[in-house]
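Quick notes on the structure that follows.
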Amino acid sequence: MEQSRIRNFCIIAHIDHGKSTLADRLLEITGTIEKRKMKEQLLDTMDLERERGITIKLQPARMSYKAKDGTEYELNLIDTPGHVDFTYEVSRSLAAVEGAVLLVDSTQGVQAQTIANLYLAIEQNLTIIPVLNKIDLPNSDVERRAAELMQLIGCKREEILSASGKSGEGVLEILERVVKEVPPPQGSREKPFRAMIFDSKYDDYQGVVAYIRCIDGHIEKNSGVAFKATSAVGSALDIGYMNPQHFSSGHMEAGDIGYLVTGLKDIGAVRVGDTVVSAGQAAETEMLPGYKEVRPMVYAGLFPQEGNEYEKLRDAILKLKLNDAALTFEPEHSIALGFGFRVGLLGMLHLEIVQERLSREFNMDVVITTPSVGYEVTLTDGTEVSVKSPGGFPDPSRIDTTREPWARVDILSPKEYLGNVMALVQDRRGIYKNTEYLDTTRALLHYEMPLASVIVDFYDKLKGVTAGYASLNYDFMDFRDSDIVKLTINVADEPVEALATLLHTSEAQRRGKEIVETLKEELPRQQFVIKLQASVGAKIIASEKISAFRKDVTGYLYGGDVTRKMKLLEKQKKGKKRMLAHGKGSVEIPPDAFIKVLRRG
């Protein structure tokens with residue numbers, strides 16, 4: 001199709017504002033999917049997405065639409081996630097399109113992630129089409145939400161569309177606006193072929209399948225292709241587009257979005273953000289700028305439950321990384337847990353999803369160590385080291401300064417909960433910057449906070465103090481000097497490596513007390529006393545004891561001198577002492593106890 005009749009756009013919104021439902025209606029109204037094959041959230045292809053009701057992966061689909069003026073258009077849609085942990089999926093989608101439908105729930109209004117995704121779209125110079133969704137609901141307040149949008153993006157009231165993804169009302173108007181306002185792709189079909197990889201996956205039969213946006217030129221099936229960043233060479237075994245299933249077309253031209261089956265079994269050969277070019281013209285074809293390198297927000301250790309499954313875990317993570325570009329990993333060895341990986345992720349939900357996908361897609365059960373952020377440490381000899389795990393934290397005598405990451409945090413909350421929000425942030429060492437009022441009832445608070453205080457359980461606590469109304473967005477800022485210590489947990493006088501954690505000195509005592517109290521509740525009693533201690537260096541900051549099972553050794557005595565009783569109790573005491581010496585470090589910690597400690601408070 002001529003480039004002037006191609007429109008590439010995506011849908012961006014806060015979580016649960018109806019992106020996938022609107023995408024369903026677009027596919028239905030354009031006749032891309034037959035009504036009998038239609039199901040809710042059709043583009044959420046993962047079981048995990050359907051169970052949780054959230055979008056985790058970006059999902060492309062091509063539609064044909066005949067506009068009111070009779071012109072036939074090719075529309076390439078990309079449905080995106082809304083959760084802050086999957087922002088990298090959104091930014092990659094935005095780089096592959098020319099326009100974005102900014103969707104706002106007319107019952108909830110503008111949320112923190114709406115603003116964050118809007119700024120990402122503005123950075124890419126995309127055409128923004130504002131739409132108020134869910135207008136069929138009885139509690140929708142279209143005029144008030146329209147005023148919020150006007151204030152946010154500076155548009156006129158008549159530019160804001162009203163629609164319902166569920167009933168289909170107003171969806172045709174969205175399609176008309178897309179074909180009128182979103183500019184067509186600008187590439188040249190005469191130039192040599194080059195395309196940007198915005199996503200990929202691994203197929204056991206087809207090898208690596210790359211999802212690409214063709215920038216210049218054209219490509220035919222079975223042509224030779226080369227990947228600029230890795231210098232890998234392959235062949236286009238199949239080319240086509242998503243309908244939303246794979247539909248083989250045999251060719252692709254500048255402006256198209258589709259898939260490329262490479263047949264490559266080497267997973268490292270294809271990278272998201274790389275440029276695909278024609279194999280014969282690889283040297284003279286210029287590379288595309290690619291994507292900004294993703295910065296992990298949280299690190300955690302992943303270890304196989306069975307020690308001999310390290311290679312299986314490695315293959316599983318490599319294949320998962322193909323489909324989840326925000327995941328980073330490096331090998332790690334732990335004395336207690338054996339060989340595994342230190343993985344970098346964008347948040348706690350991301351960690352949960354990775355664990356769940358490893359279990360479901362690769363049948364891999366893993367042990368996860370306490371998640372932490374990455375710290376920077378300057379040693380006394382001037383060397384700078386990056387610390388991603390408690391095991392890599394240097395001896396305190398060798399440390400000159402430690403720095404922790406800080407984040408820019410935006411919290412959107414109803415006015416009546418501002419006091420609660422401020423108290424919570426203050427408790428987490430946050431620095432207040434300023435407040436913006438979106439309307440008379442809702443305020444946007446800007447803070448700077450240590451990243452470690454944000455990622456673990458801050459979102460849950462924030463929802464708790466605002467009756468579920470607040471929304472949150474955060475972004476990495478910089479590293480700042482801080483007093484970071486390593487908290488070690490000893491069970492029966494032996495340190496438990498998986499429970500060690502890095503934190504600010506002001507939080508050490510509270511966190512240490514929390515952990516030993518959790519362990520006291522969770523660990524089964526033994527024949528000897530179990531000592532539970534939290535320590536920073538040589539200093540014990542929290543301690544608990546689990547008392548031993550005790551047999552009544554004096555039960556059969558029926559009289560006589562008290563010394564007989566004392567003799568038996570003394571003998572029992574000595575036996576318990578010997579048992580304690582033998583039992584040192586042999587206390588098994590059940591997996592449930594690990595999970596309860598990781599979930600924090």
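The basis for the numbers below is simple: all heavy atoms, side chains too, and nothing from hydrogens, waters or symmetry mates.
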task: Give the intermediate values and the outcome of side chain to side chain contact (heavy atoms under 4.5 Å, CB included) for residues Val179 and Asp69.
output: CA-CA 11 Å; Val179 298; Asp69 61 6; over 6 Å; no
query: Any side-chain heavy atom of Val90 sitting closer than 4.5 Å to one from Leu58?
result: no
- request: Identify, with sequence neighbours excluded, every residue that meets salt bridge (Lys or Arg N to Asp or Glu O under 4.0 Å) alongside Lys388.
  value: Glu330
Residue list, salt bridge (Lys or Arg N to Asp or Glu O under 4.0 Å) with Asp478, at least two apart or on another chain: Arg480
- request: Could you pull out all residues at least two apart from His350 that satisfy side chain to side chain donor-acceptor pair (under 3.5 Å)?
  value: Asp324
Partner of Lys19 under side-chain contact (heavy atoms from CB on, under 4.5 Å), chosen from Ile12, Asp24, Asn133, Thr80: Thr80
- line: Residue pairs meeting ring pair (Phe, Tyr, Trp, His ring centres under 6.0 Å), one or both in residues 448-477, sequence neighbours left out, come to Phe476-Phe479
Tell me which donor-acceptor pairs under 3.5 Å the side chains of residues 415-425 have, and how far apart each pair is, sequence neighbours excluded?
{"residue": "Lys415", "atom": "NZ", "partner": "Thr440", "partner atom": "O", "Å": "2.9"}
{"residue": "Asn420", "atom": "ND2", "partner": "Val465", "partner atom": "O", "Å": "3.0"}

message: For Ser64, give me all partners under side chain to side chain donor-acceptor pair (under 3.5 Å), at least two apart in sequence or on another chain.
response: none
- line: Across all chains, not counting sequence neighbours, the side chain to side chain donor-acceptor pair (under 3.5 Å) partners of Ser389 are Glu332
field: Residue pairs involving residues 84-101 (criterion salt bridge (Lys or Arg N to Asp or Glu O under 4.0 Å); sequence neighbours excluded)
entry: Lys57-Glu89, Glu89-Arg92, Arg92-Asp199, Glu98-Arg213
message: The criterion is salt bridge (Lys or Arg N to Asp or Glu O under 4.0 Å); which residues satisfy it with Arg295, sequence neighbours excluded?
response: none
- request: Verify the distance criterion only: is there a donor paired with an acceptor across the side chains of Arg145 and Thr107 at less than 3.5 Å?
  value: no
- request: Kindly check if the number of other-residue, nucleotide or ligand heavy atoms within 6.0 Å of NZ (Lys180) is above 12?
  value: no
- request: Taking the six-membered ring for Trp and the single ring otherwise, decide whether the centroids of Tyr432 and Tyr447 are under 6.0 Å apart.
  value: yes
- prompt: Nearest heavy-atom pair of Leu94 and Ala100: which atoms, and what distance?
  reply: CD2-CB, 4.4 Å
- request: Starting at CD of Gln108, measure out to NE2 of His14 and round the result to the nearest 0.5 Å.
  value: 7.0 Å
task: Apply the side-chain hydrogen bond (donor to acceptor under 3.5 Å, both in side chains) test between Tyr65 and each candidate in Glu74, Glu176, Arg7; give the one that qualifies.
output: Glu176
message: I'd like to know if Arg357 pairs up with Glu361 as an ion pair, taking the criterion as any Lys NZ or Arg NE/NH1/NH2 lying under 4.0 Å from an Asp or Glu carboxylate oxygen.
response: yes
For Arg271, salt bridge (Lys or Arg N to Asp or Glu O under 4.0 Å) partners two or more places apart: none
query: Does the pair Glu173/Arg177 count as a salt bridge with the N-to-O cut at 4.0 Å?
result: no
- prompt: Under 6.0 Å from the CD atom of Glu517, do we count more than 12 heavy atoms belonging to anything else shown?
  reply: yes
message: Please report whether the ring centroid of Phe329 lies less than 6.0 Å from that of Phe341.
response: yes
- prompt: For residues 99-128, which residue pairs qualify under salt bridge (Lys or Arg N to Asp or Glu O under 4.0 Å), counting only residues two or more places apart or in two chains?
  reply: Asp105-Lys134
query: Is any side-chain heavy atom of Leu349 closer than 4.5 Å to a side-chain heavy atom of His83?
result: yes
- request: List for me each residue that meets side chain to side chain donor-acceptor pair (under 3.5 Å) alongside Gln124, sequence neighbours excluded, and say none if there are none.
  value: none
query: For the atom pair CD1 (Ile29) and CG (Leu172), what is the distance rounded to the nearest 0.5 Å?
result: 5.0 Å
- prompt: Going by heavy atoms in the side chains, are Gln113 and His17 under 4.5 Å from each other?
  reply: no
